[in-house]
Protein chains: 2
Amino acid sequence: MTQSPALQLHHIENKPLRERVLDILRDAIVSGDMRPGQPLVEMELAQQMGISRAPLREALQILSQEGLVETIPYKGTQVRSMNRMDIEELYSLRSVLETFAVQRIIARRSADDTARLRAIFEAMLAAAQQGDLSQVNEIDRQFHDGLIELSQHHLLLTTWRSVSLRIRQVMALTNRRNRDLTVIAYNHLPMVEAIAAHDEAEATRLLREHVESAAGLIVEGWTQPGESDPK
Amino acid sequence: MTQSPALQLHHIENKPLRERVLDILRDAIVSGDMRPGQPLVEMELAQQMGISRAPLREALQILSQEGLVETIPYKGTQVRSMNRMDIEELYSLRSVLETFAVQRIIARRSADDTARLRAIFEAMLAAAQQGDLSQVNEIDRQFHDGLIELSQHHLLLTTWRSVSLRIRQVMALTNRRNRDLTVIAYNHLPMVEAIAAHDEAEATRLLREHVESAAGLIVEGWTQPGESDPK
DNA sequence: TAGCCGTCGATTGTCGACAGTTGACAGAAA
DNA sequence: TTTCTGTCAACTGTCGACAATCGACGGCTA
């Protein structure tokens, strides 16, 4: 028998524990629930999740590679703390990567691309008009992730993931004052239009400006959280 | 007692097994001793090195994050194979990262930086004149690593490491015809001079050209090794 | 009192054994 | 034959126990 017809059972996925643990911990870190400097004791976490240390350690390895935690052999692991320079580096590299993505998008001149970006912008605007901050943030993330994806550069995507995770962490740790959400949303429009117009110079200029202003807002009021500044 | 005077004992280092294993495997891969597609069976490797599977697995995790091997849950790990597109992505991202580094170096306008680059160039030229291919390659690596280091951007350095490892692998897997070594060496001189002259436009143009020609040489005669091309 | 050194608890590193998953193969059913 | 199903071997995933390391504490000696 091939298959009884209409009944569609959905895929039950069986990830290794390591990956489920990874998702949980990563989420806790980038959401700010686990704060910089917080020690991650293997036994403790494993017990808490009801698993053994092996898969937990493997998850920590990966987080370490992603730059979210810091492990010192024979000493332990803690959530990585960031100082001003880390944040500047983060945002400057982000700017470089996104610029590269935009250049590739423009070079391809695909109408689908601009349509998708426009759609994301519309969604962001709608959320902004309803004053839904977290939704705006979520869509903003989609917008920038979208730029990278549309560039169709797999290695860039991989590299981006690691940078963007830490940016999310930084944003979660920053208590932003509520600026006007619709202004934030409209900030994205010129960039979409520049891409649609295949105007590389303008698009990259706008992007750089966009990222730099974002960085500025963050760096400005730092020093509170993970004090790893002085020496 | 503080210390008896002149006797200098050098540091005996005690890395976890995981890291020593990592170094060995990484080296075998980027040197081309382990070829793309080659399966890495945990039990086999562990036995061969006389250790247990735990630290070996942790090393494989990291290699996987570095993009040197590919792991599929419950199936296994193998040396990652690369097709033409992978190589194009590798070199295009490399170009972006190095360009960024050069811009930062120029912005800092440090005489020490240019002195160091000049010194590396001199060494490369000397090796080239003696026809020492592997030495030229080694110094070429130092040159490009040097650009990244001099940019004083820690996150960039981290990102670079992963890209440069895979580039080394690609180069090791390519049977280059022996071009004139002194020509290769002299190719680096204009870039050093452009940096010394703080001429950003020229420096980035030269760099892009440099990387693109390198990529061209590789991509041209590919298809031999890790055939993961078709579908 | 000041400096050295053994001891100890907490935590990470490593190991060997067992459980679960996969793909291939052989044999039963149609 | 062809299709399905049980079985098996080769792995990877997970576990609990043991070994090694580190920092701190406290006693010993000068």
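Computed from a predicted structure; not experimentally measured. Here is how names work: the chains are called A, B, and so on, in the same order as the sequence lines, proteins then strands, and each is numbered from 1.
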- [ ] Please report the shortest heavy-atom distance between B:Gly32 and B:Ala172, naming the atom on each side.
- [x] N-CB, 4.1 Å
Open item on the list: Quick check for you: among C:dC15, D:dG13, D:dT14, whose closest atom lies nearest to any side-chain atom of B:Pro55?
Closed with: C:dC15
Open item on the list: So if I take every side-chain heavy atom of B:Arg18 and compare against D:dG13, C:dT12, C:dG13, which nucleotide ends up nearest?
Closed with: C:dG13
- [ ] Please state how far atom CD1 in A:Ile62 lies from atom C1' in D:dG13, giving the value in whole angstrom units.
- [x] 14 Å
Open item on the list: Can you give me the closest heavy-atom contact between B:Pro36 and B:Gln169, atom names plus distance?
Closed with: CG-NE2, 4.3 Å
- [ ] For A:Pro73 and for A:Lys15, find the nucleotide of DNA chain D with the closest heavy atom, then tell me which residue's nucleotide is more 5'.
- [x] A:Lys15
Open item on the list: Go nucleotide by nucleotide along DNA chain C from the 5' end; which of A:Thr71 and B:Lys75 gets its closest nucleotide reached first?
Closed with: A:Thr71
TODO: Give the rounded distance in Å between these two atoms: CD of B:Glu19 and C1' of C:dG13.
DONE: 11 Å
TODO: May I ask you to check whether A:Gln142 and A:Glu138 show a side-chain donor-acceptor distance below 3.5 Å?
DONE: yes
Task: Spacing of A:Leu56 atom CG relative to D:dG16 atom P, expressed in whole Å - done: 13 Å
TODO: Can you see which heavy atom on A:Leu207 is nearest to which on A:Ser95, and at what distance?
DONE: CD2-O, 4.5 Å
Task: Check: A:Asp86/B:His154 side-chain N/O donor and acceptor closer than 3.5 Å - done: no
Task: Nearest-angstrom distance from the residue atom CD1 of A:Ile72 to P of D:dC22 - done: 12 Å
Task: Atom-pair distance (CD on B:Glu58; P on D:dT12), nearest Å - done: 16 Å
Open item on the list: Considering every strand and a 4.0 Å limit on heavy-atom distances, what is the contact class for A:Leu40: base, sugar-phosphate, or nothing?
Closed with: sugar-phosphate
Open item on the list: Keeping A:Arg104 on the side-chain end and A:Gln152 on the backbone end, is there a donor-acceptor pair under 3.5 Å?
Closed with: yes
Task: Phosphate contact (C:dT21 OP1 or OP2) by A:Asn14 side-chain N/O below 4.0 Å - done: yes
Open item on the list: Testing the 3.5 Å rule here: is there a donor-acceptor pair between the side chains of B:His144 and B:Ser164?
Closed with: no
- [ ] Just call it for B:Arg53: base, sugar-phosphate, or nothing, with non-hydrogen atoms closer than 4.0 Å on any strand.
- [x] base
TODO: Using a cut-off of strictly less than 4.0 Å, decide whether B:Arg57 has a side-chain nitrogen or oxygen near OP1 or OP2 of D:dG13.
DONE: yes
Open item on the list: What is the distance, to the nearest angstrom, from the CG atom on A:Leu17 to the P atom on C:dC18?
Closed with: 20 Å
Open item on the list: Rounding to an integer number of Å, can you tell me how far A:Glu42 CD sits from D:dT14 P?
Closed with: 15 Å
Task: Euclidean distance, atom OH of residue A:Tyr74 to atom P of C:dT12 [Å, nearest integer] - done: 13 Å
Task: Residues within residues 43-52 of chain B bordering DNA chain C, heavy-atom distance below 4.0 Å - done: B:Ile51, B:Ser52
Task: Listed nucleotide nearest any side-chain atom of A:Pro16, set C:dC15, D:dT14, C:dT21 - done: D:dT14
